[in-house]
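Positions are given from 1, in the same order as the sequence printed here. Just so it is clear, the structure is predicted and the values come from calculations on it, not from any experiment.
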Amino acid sequence: IPLARYFVEIAATEFGKQIAEFTQEQLTMLQEYNWPGNIRELKNVIERAVILSDDSLRLDLALPEQALREIGSSNNGDINFNDREIISDKTMKQIERNNIINALELSNWRVSGPKGAAALLEMNASTLSSRIKALFIDKPDKNSLYNRLGGINKIRLVIDDLIAKVRSDVQLGRFWDNRGIDSIRMEKKYLVDFICEATGGPYKYTGRDMLTVHNGMGIRETDWDQMSQHLLSILTNHNVSKDAINDLANKIQQIKPQIVEN
């Protein structure tokens, strides 16, 4: 942080600009990125941020895509809480449901035995079976699009890449201006759950109504097309089969009315 502040001072003087102090969100961005290029990379990013700035520092436009991928991904969008926070019964059930699904996926959906989900969760196998039934957890079909995409871990990686890509996109980046880290994490969780449910996965989308939230945001047809192209390109980079990519492309067109108005 002291180095970043020093580089801002130097760059602001060099380019004749008045730059405001880092916001707390920007400090979090600086700290969550791994900085593989060390101090030289930090200096270059700060200089670019100053060049792109008017009054406020546009760190979000200067950071590389890898940084945008890492920032807001430290907990994969999982629900966090502290010992002073009250958790609703609905949220607790969702936490339990996802926890059981995580254990089932790690155990290849085996419930009992030394390598089963019950052992991972340290509970009786019959108790786990009852909770699976009560929480309406169904094993995804072997040939489901969810499994063909690579399951939850691959979908999370793809969404991390997608969010980083759209945040750095000249056209789509406007939707991410001044978005905080917590907001980014929540959006990732919403999108992961939405894709999982849409493709036949066990995770359920329990977030806001997307069409209502997006109404009035000025999302254009070209925005949707650009986002779709990014997603399909990222899937190709992750070695997802062409058939699965084509099926997801069709699925995207089917779910479009649930996300943006035509």
Using a 3.5 Å distance criterion without hydrogens, assess whether the side chain of D141 forms a donor-acceptor pair with backbone atoms of N143. yes
Specify the closest pair of heavy atoms between T199 and S144, including all atoms of both residues, with the distance to one decimal. O-CB, 4.0 Å
Donor-acceptor pair, K17 side chain versus I51 backbone, under 3.5 Å? yes
Taking NZ, NE, NH1 and NH2 as the nitrogens, is one of them in R185 or E32 under 4.0 Å from a carboxylate oxygen of the other? yes
Is the backbone N or O of A164 less than 3.5 Å from a side-chain atom of S168, with the two atoms forming a donor-acceptor pair by type? yes
Thinking salt bridges, do R5 and E9 make one under a 4.0 Å N-O criterion? no
Taking the inter-plane angle between the rings of Y190 and Y205 on a 0 to 90° scale, is it parallel (under 30°), tilted (30 to 60°) or perpendicular (over 60°)? perpendicular
Report yes or no: do L232 and V192 belong to one cluster of Ile/Leu/Val/Met/Phe/Trp/Tyr joined by side chain heavy-atom distances under 4.5 Å? yes
Would the distance check show the side chain of H214 and the main-chain N or O of I259 forming a donor-acceptor pair, the cut-off being under 3.5 Å? yes
Looking at NZ of K204 and CD1 of I137, how far apart are the two atoms once the value is rounded to the nearest 0.5 Å? 10.0 Å
Indicate if W109 and V111 have the same hydrophobic cluster label, given that clusters are the connected sets of ILVMFWY residues with side-chain heavy-atom separations under 4.5 angstrom. yes
Between the main-chain N or O of F136 and the side-chain N or O of R97, is there a donor-acceptor pair closer than 3.5 Å? yes
Between V50 and F7, is there a side-chain heavy-atom distance shorter than 4.5 Å? no
Are L120 and I100 joined in one hydrophobic group, where the rule is that I, L, V, M, F, W and Y side chains link up if heavy atoms are under 4.5 Å apart? no
Transitively linked via ILVMFWY side-chain contacts under 4.5 Å: V213 with W176? no
Do I219 and L211 sit in the same hydrophobic cluster, where Ile, Leu, Val, Met, Phe, Trp and Tyr count as joined when their side-chain heavy atoms come under 4.5 Å apart? no
Quick one, S241 with D243, criterion side-chain hydrogen bond (donor to acceptor under 3.5 Å, both in side chains). Give me CA distance, side-chain angles, the key distance, then yes/no. CA-CA 5 Å; S241 70; D243 286 344; 5.7 Å; no
Rounded at 0.5 Å granularity, tell me how far CG in L191 sits from CD1 in I159. 4.0 Å
NZ (K115) and CG (L106) are apart, to the nearest 0.5 Å, by 13.0 Å
Would you say the side-chain atoms of E96 pair up with the backbone N or O of L135, donor to acceptor, closer than 3.5 Å? no
Can you check whether P36's main-chain N or O pairs, donor with acceptor, with N34's side chain at less than 3.5 Å? no
Whether Q26 side chain and T23 backbone form a donor-acceptor pair below 3.5 Å: yes
Looking at K165 and D169, is any side-chain nitrogen of the basic one under 4.0 Å from a carboxylate oxygen of the acidic one? no
Show the numbers, then the answer: is there a salt bridge (charged side-chain N to carboxylate O under 4.0 Å, His left out) between D193 and K189? CA-CA 6 Å; D193 288 351; K189 174 176 172 50; 3.0 Å; yes
So, the side chain of Y146 versus the backbone of I195: is there a donor-acceptor pair under 3.5 Å, distance only? no
For the pair K251 and D247, find out whether any cationic side-chain nitrogen is under 4.0 Å from an anionic carboxylate oxygen. no
N/O donor-acceptor pair under 3.5 Å between D223 side chain and R220 backbone: yes
Say you draw a straight line from CG of N250 to CD1 of I245; how long is it, rounded to the nearest 0.5 Å? 12.5 Å
With no hydrogens and no angle check, do the side chains of N98 and Q94 hold a donor and an acceptor under 3.5 Å apart? yes
